[in-house]
Amino acid sequence: MSVTQTPKNPDFKYQEVAKSEDEALAHADGQVQISIKQIELKRRSRTFLYIAACIGNLASFSCGIMLGWSSPVIPKLQNLELSPLNEVITYSDAGWIGSLLPLGAVLGPFVAGALSDKIGRKKTLLIGNMPFIVALLLNIVAKNVSYLLLSRFLCGLSVGLDFTILPIYIGEIAEDEIRGTLGTYLQLFTVVGLLFSFVTGPYMSVTMFNASCLIVPATFLLTFYLFIPESPYFLLQIGEHEAAEEALMKLRDSVSPDDVQAELSNMKKAVDEALANKSRFLDIFKSKGLTKAYVLTNGLLVFQQMSGVNVVLFFAQNIFQDSGVTLAPEICTIIIGLVQALFSAVTSVLIDKYGKRILLMISAIGMAVSQGVLGYFFHLKDDVHKDISSLSWLPIACLIIFIVAYCLGFGPIPWAVMGEMFPSNIKCVASTFTSATSWFLAFVLTKYFATVADIIGKSGSFGVFGVCCVIAFVFVFKFLPETTGKSLQEIQDLLNRRHSEI
């Protein structure tokens, strides 16, 4: 029989407890260190994914440059001493230079839709950005306005294509946890491109400005071709399973195929389901839920254009010149570009916190007020002929408020809603037609803004835009359901249940 001996040291049991606690703390500390290392590894594993998204969005950077190109260039083309052309462009020429880009962008989505499922997202983006290079070379050698008109149309093809395919590509390569963040890069890189035009264009000759604009699309073509893989979804779609695995391993910084098998399997299921249920455009109108989705997405993009945003971007410098502000017009446009870049960077955080509906309504109110006040300013200046020298700051304030409001809601959110409203089997075809409608309206507005302004004045034009923003508020409040935080299936259920409201 064994007898348990009492330890001579009375503090023995406390020493044992202390030892156990020390071991537990050491173990816990070790676990924390392991967790920290795992987090660091996970963060490092996303480095290439962020790089891929940034390089891909150099295409949207190029879009922004060309969208803002006309603001600093058109005033120089109207001055024979500053223009590289043999003659000064007419008022009609200026309208066509501004409007041919959105006209070309109407065709871009159809080109994108025809190519992306045949040759892939990567090759479509590469081919689609070649017109930027050709257009800028045309600008450099241009001696008459015909060169510039062709150039702007070619730029439009690239813009329409990029705005259709780039969101699809980024969505397909992104991890679920950061898909929303990477999705905001399109808007952010676009407005940074606008800022590039606003900052450099006024202080360079037209030829040097066009040459500097070549840097971004050329860099995109080189880096995207050499370093960035094709979408794994497309590779699975054409049966290239090994290539898809390699692409996903590169995007995830994985050294072993086992690391990506679960995600690859989920991708394969999604691709198989989409291929089995692929739909045509007319199938949208066979479902009340899809019809409502189409009406809602088109409505938001129509109001996006009817807010007057493209008039502001294409003719920002001219607006400031006409308003008679004491601050140099090019400085005013730089301020607008800076504000747009800043608020485009923070909007994605606000969307998740407050939801899309409230931001869209705030956006509509802000744009309506700013456009209405701007219209009243031009009414005093052009119609009543009052001395408005003491109000020379007002156009700057109005357009800054307009840009802030636009970036909070009607800038990025309509595109996000379009991505949520349609199931994957019809998303591409629906997005093609919706994007084309948006760009066609942008063409009409930019082409005929000057003509309409001559008839009803700038005050009447901005007044019409303000009224459209009020209607946009009513449209969102009455018809648009909140989609933030809902799954795609929940959104479809919601659309089908509430179709009677439209």
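Throughout, numbering of the chain's residues begins at 1 and tracks the sequence.
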Ring pair (Phe, Tyr, Trp, His ring centres under 6.0 Å) against Phe465, all qualifying residues, sequence neighbours excluded: none

Would you please name every residue forming a ring pair (Phe, Tyr, Trp, His ring centres under 6.0 Å) with Phe132, sequence neighbours left out? none

Please check if the number of heavy atoms outside Phe224 that lie under 6.0 Å from its CZ is greater than 12. yes

For Ser438, all residues meeting side chain to side chain donor-acceptor pair (under 3.5 Å), sequence neighbours excluded: Gln305

Do you know the tightest heavy-atom contact between [X] and [Y]?
| X | Y | answer |
| --- | --- | --- |
| Ser60 | Leu186 | CB-CD1, 3.5 Å |
| Leu148 | Ala142 | CD2-CB, 4.0 Å |
| Ser231 | Ile173 | CA-CG2, 4.3 Å |
| Gly409 | Pro414 | O-CD, 3.5 Å |
| Val309 | Gln304 | CG1-O, 3.5 Å |
| Gln187 | Cys407 | NE2-SG, 4.3 Å |

Let me check something: any side-chain donor-acceptor pairs from residues 192-207 under 3.5 Å, sequence neighbours excluded? List them with distances.
| unit_1 | atom_1 | unit_2 | atom_2 | d |
| --- | --- | --- | --- | --- |
| Ser197 | OG | Ile65 | O | 2.7 |
| Thr200 | OG1 | Phe196 | O | 2.7 |
| Ser205 | OG | Met208 | N | 3.1 |

Starting at [atom1] of [X], measure out to [atom2] of [Y] and round the result to the nearest 0.5 Å.
| X | Y | atom1 | atom2 | result |
| --- | --- | --- | --- | --- |
| Leu480 | Thr297 | CG | OG1 | 10.0 Å |
| Asn139 | Ser151 | CG | OG | 3.5 Å |
| Ile165 | Ser116 | CD1 | OG | 4.0 Å |
| Met367 | Ile401 | CE | CD1 | 13.0 Å |

Ring center gap for Tyr406 and Phe343 short of 6.0 angstrom: no

Output field: ring centroids Phe410/Phe303 closer than 6.0 Å: no

Under the salt bridge (charged side-chain N to carboxylate O under 4.0 Å, His left out) test, residues paired with [X] that sit two or more places apart:
| X | value |
| --- | --- |
| Glu240 | none |
| Glu172 | Arg121 |
| Lys118 | none |

My understanding is that only residues two or more places apart in sequence, or in another chain, count here; which of them pass side-chain contact (heavy atoms from CB on, under 4.5 Å) with Ile51? Thr47, Ile55

Would you mind checking if Lys123 and Glu230 are paired as a salt bridge, meaning a charged N to carboxylate O distance below 4.0 Å? no

Please collect all side-chain hydrogen bond (donor to acceptor under 3.5 Å, both in side chains) contacts where either partner lies in [range], sequence neighbours excluded, each pair once.
| range | result |
| --- | --- |
| residues 156-169 | Asn129-Asp162 |
| residues 213-222 | none |
| residues 241-250 | Glu245-Gln261 |

Under 3.5 Å donor-acceptor pairs involving side-chain atoms of residues 104-113, not counting sequence neighbours:
none

Examine distances only and state if a side-chain atom of Lys268 and a backbone atom of Leu236 form a donor-acceptor pair shorter than 3.5 Å. no

Without hydrogens or angle criteria, can the side chains of Ser256 and Asp259 be said to hold a donor-acceptor pair below 3.5 Å? no

